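Presented below is the structure to which this report refers.
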Amino acid sequence: MSFDRHLAEIAREFPQWTIWRSDAGRWWATRHHPLSARQRDAGCAMTIDADDPDDLREQLRDQESRAEEPQRRTGPAPP
């Protein structure tokens with residue numbers, strides 16, 4: 001698969017991130033919005049990088065999970 005197609009697919013899958021590939025061949029993603037203090041405490045990063053598109057996807061999934069976790073803990077109490 002071409003590098004442009006990888007970029008487009010990852011960008012569609014993770015619309016809250018800007019995805020690019022550096023001249024050195026590294027894959028990068030940066031968030032569109034600043035992190036909250038809770039997200040930073042949960043280990044979220046504003047920008048991540050990877051060796052290849054599959055590794056970037058894996059890291060993005062991890063980051064999305066970390067970003068959601070603080071919201072789950074502070075959400076409404078169960079009935």
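When reading the values below, keep in mind they use all heavy atoms of this one structure, side chains included, and skip hydrogens, waters and symmetry mates. Predicted, not measured: the structure shown is a model, and the values here were computed from it.
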Using every non-hydrogen atom in the two residues, find where [X] and [Y] come nearest and quote the distance to one decimal.
X: Met46; Y: Trp17; result: O-CZ3, 3.7 Å
X: Ala45; Y: Leu35; result: C-CD1, 3.8 Å
X: Arg31; Y: Cys44; result: NH2-CB, 3.7 Å
X: Gln59; Y: Ala50; result: NE2-CB, 3.6 Å

When rounded to the nearest 0.5 angstrom, what distance separates [atom1] in [X] from [atom2] in [Y]?
X: Trp20; Y: Leu56; atom1: CH2; atom2: CG; result: 9.5 Å
X: Arg66; Y: Asp62; atom1: CZ; atom2: CG; result: 4.5 Å
X: Ile19; Y: Thr30; atom1: CD1; atom2: OG1; result: 9.0 Å
X: Leu7; Y: Thr18; atom1: CG; atom2: OG1; result: 11.0 Å

- prompt: Does CD in Glu58 sit with more than 12 non-hydrogen atoms of other residues, nucleotides or ligands closer than 6.0 Å?
  reply: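 Counting other residues, nucleotides and ligands, CD of Glu58 stays at 12 neighbours or fewer.
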
- request: Answer yes or no: is there a donor N or O on one side and an acceptor on the other, between the side chain of His33 and the main chain of Gln16, under 3.5 Å?
  value: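 Side chain of His33 to backbone of Gln16, a donor-acceptor pair under 3.5 Å: no, none is there.
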
task: Taking the side chain as every heavy atom from C-beta outward, state whether Gln39 and Ser36 have any pair of such atoms under 4.5 Å apart.
output: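 A side-chain contact exists here, since the closest heavy-atom pair is under 4.5 Å.
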
query: When you check the gap from the basic side-chain N to the acidic O, do Arg61 and Glu13 get nearer than 4.0 Å?
result: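 Result for this pair is yes, salt bridge flagged.
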
query: Any idea how His6 and Trp27 line up, ring-wise: parallel (<30°), tilted (30 to 60°), or perpendicular (>60°)?
result: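 It falls in the perpendicular class, over 60°.
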
- prompt: With the 4.5 Å side-chain cut-off for hydrophobic clustering, are Phe14 and Ile48 part of the same group?
  reply: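 Both belong to a single hydrophobic cluster.
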
